[in-house]
Amino acid sequence: AYAQRELFTPLGIEASDWARDEQGRHLGFRGLALRTRDMARIGQLMLQRGHWDGRKLLPEDFALQASARQNSGGPPVSLPFGYLWWVAPSNAARPPFVASGFGGQFIWGDPGLELVIAASSEVWPASAQRSQLDRPVGAGQPDVRSGRTQQGERLTHGVVVRAADGIVREKMLEAVD
């Protein structure tokens with residue numbers, strides 16, 4: 001109820017599904033299913049330091065700290081970790097941050113480029129391990145134009161958002177074999 005009221009509704013996220021525990025409470029750390037466009041909105045919110053459409057939806061300090069290194073991280077992505085966001089290798093004052101989801105879903109936010117990339121993928125055995133993100137993130141941005149990660153893994157849907165105007169520009173990727 002809180003996430004829907006305070007985050008999803010102001011962000012324009014209409015459809016979501018979130019895993020629940022045995023008592024029926026939403027899990028806050030996993031199991032959130034969103035459209036790729038809505039994943040991009042979450043990334044844009046973080047890129048904009050918790051602000052959306054002139055409103056502060058998150059405290060700015062929290063958004064900055066969540067997307068900054070808080071510890072050395074570890075599996076499955078093997079990158080430093082913030083608060084539910086992985087932090088990509090960078091010398092930037094505010095490095096790129098990444099959410100890595102089950103089955104190859106990810107959100108990449110790059111404050112230096114004012115860019116968010118969200119991508120969905122088909123679930124395949126290797127993607128269930130969620131280790132697929134360490135290679136493209138460690139090597140640079142995923143190539144949404146080609147429809148593949150840098151290791152050739154197929155993306156099925158990508159959304160790119162530029163912070164300068166906040167307009168969601170969506171590119172549906174064709175199936176790539």
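Only this structure's heavy atoms are used, side chains among them; waters, hydrogens and symmetry mates stay out.
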Exercise for review: Please check if Leu64 and Leu57 belong to a single hydrophobic cluster, counting links between Ile, Leu, Val, Met, Phe, Trp and Tyr side chain heavy atoms closer than 4.5 Å.
Suggested key: no
Here the pair of heavy atoms bringing Val87 nearest to Ala68 is CG2-C, 3.5 Å
CZ (Arg37) and CZ (Arg35) are apart, to the nearest 0.5 Å, by 7.0 Å
Minimal heavy-atom distance between Ala88 and Pro95, with the atoms involved, is O-CB, 3.8 Å
Exercise. Spell out, yes or no, whether Trp52 and Val116 are grouped together once hydrophobic residues are joined by side-chain heavy atoms under 4.5 Å, including indirect joins.
Key: yes
Rounded to the nearest 0.5 angstrom, the CE-CD1 distance for Met39 and Ile117 is 11.5 Å
Smallest heavy-atom separation, Pro10 atom then Leu7 atom, equals CD-O, 3.3 Å
Would a 4.5 Å heavy-atom cut-off, applied to side chains only, mark Ser67 and Arg94 as touching? yes
Of all heavy-atom pairs linking Ala63 and Gly50, the shortest is CB-N, 3.7 Å
>> Is any side-chain heavy atom of Asp110 closer than 4.5 Å to one of Leu47?
In response: no
Rounded to the nearest 0.5 angstrom, the CZ-CG distance for Phe97 and Leu79 is 14.0 Å
On a heavy-atom basis, the closest approach of Ser90 and Ala92 is OG-N, 2.9 Å
Applying side chain to side chain donor-acceptor pair (under 3.5 Å) to Thr9 and not counting sequence neighbours gives Gln4
By side chain to side chain contact (heavy atoms under 4.5 Å, CB included), Ile42 pairs with (sequence neighbours left out) Phe8, Leu11, Ile13, Leu34, Trp85, Ile107
Nearest heavy-atom contact between Ala118 and Ala40 is CB-N, 3.6 Å
Here the gap from Glu6 atom CD to Arg55 atom CZ, rounded to the nearest 0.5 Å, amounts to 7.0 Å
For residues Pro80 and Trp86, determine if any side-chain heavy atom of one lies less than 4.5 Å from a side-chain heavy atom of the other.
no
By side chain to side chain donor-acceptor pair (under 3.5 Å), Gln70 pairs with (sequence neighbours left out) Gln65, Tyr83
